[in-house]
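Just the heavy atoms: all of them, side chains too, but no hydrogens, waters or symmetry mates, feed the values below. It should be emphasised that the depicted structure is a prediction, and the values quoted were computed from it without experimental measurement. Order of listing sets the numbers, starting from 1, for every ligand and every atom in it.
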Amino acid sequence: MIIIKNEREIEAMKEACRISAGALKLAGEAVEPGVTTAEIDKLAYEYIKSQGAEPNFLGYGGFPGTACISINNEVIHGIPGHRKIKNGDIVSIDLGAKIGGYNGDNAATFAAGDVSEEAKRLMEATEQSLYEGIKKAVAGNRIGDISYAVQQYVEARGYSVVREYVGHGVGASLHEEPEVPNFGRPSHGPRLIPGMTLAIEPMVNLGGPEVKVLKDKWTVVTRDGLLSAHFEHSVLITSDGPVILTQP
Ligand code: MG
């Protein structure tokens with residue numbers, strides 16, 4: 001069932017998303033060569049707690065961190081730890097905060113030091129594909145319109161979208177219906193209604209779309225070992241168009 005949020009719920013979502021965006025901004029600013037992913041995770045944890053919120057990824061399905069931190073060929077769900085970020089790495093951070101019973105969720109890929117032109121272009125295309133999807137997050141459209149817009153933008157540039165993991169509704173639960181795939185057909189899927197809140201999150205691979213999960217049972221990597229990038233916003237559908245709730 002897709003939950004349509006009322007005014008009170010939307011206000012709670014706004015607060016959760018504001019804190020989520022603040023934590024992601026802070027974490028992203030900390031990305032530089034020599035820093036460990038655990039240090040970044042700690043910054044995000046402390047910021048979220050300082051705002052009176054809870055890190056909603058921590059303990060989710062047993063996940064041990066506040067943030068998923070995924071480097072280079074890692075797509076999503078990287079576990080923070082002792083790994084030091086190196087010059088030229090691209091670092092995807094995905095995290096959220098819960099407050100007042102509601103969740104925010106957002107992600108972005110950050111460059112550590114001097115990254116290759118190839119990596120820069122991938123990151124820019126992934127971020128822009130998110131905005132192409134958001135442009136279609138309009139009441140009366142369908143989920144497939146968002147999916148198609150993301151996929152078209154990505155594939156026109158020779159990249160591929162991950163199929164096994166998708167965006168989702170977000171609200172009192174971190175993951176709600178509907179699924180928001182980054183591939184699909186226009187005019188298909190559930191219709192968008194004001195009050196829906198969606199986490200739209202393209203995961204874009206430089207090479208093929210295939211991914212696998214590492215032995216740690218969390219980290220998702222590209223099968224071909226090539227780079228991947230990830231951008232995500234929590235978005236509210238309104239009668240006046242999409243509102244990005246996780247804008248810092
Ligand atoms: Mg998400």
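A distance of 7.0 Å separates CG of D224 from CD of E210, quoted to the nearest 0.5 Å.
As for E201, its N/O/S atom nearest the Mg ion (ligand 1) is the one called OE2. Looking only at N/O/S atoms, D105 comes nearest to the Mg ion (ligand 1) through OD2.
None of the N, O or S atoms belonging to H175 lies under 2.8 Å away from the Mg ion (ligand 1). The Mg ion (ligand 1) has an N, O or S atom of E232 closer than 2.8 Å.
Between E124 and R121 there is no salt bridge, since no side-chain N of the basic residue sits under 4.0 Å from a carboxylate O of the acidic one. A salt bridge links E132 to K135: one of the charged nitrogens lies within less than 4.0 Å of a carboxylate oxygen.
Checking each of Y165, F63, Y60 against H77 for a ring-ring contact (aromatic ring centres under 6.0 Å, His included) leaves exactly one that passes, namely Y165.
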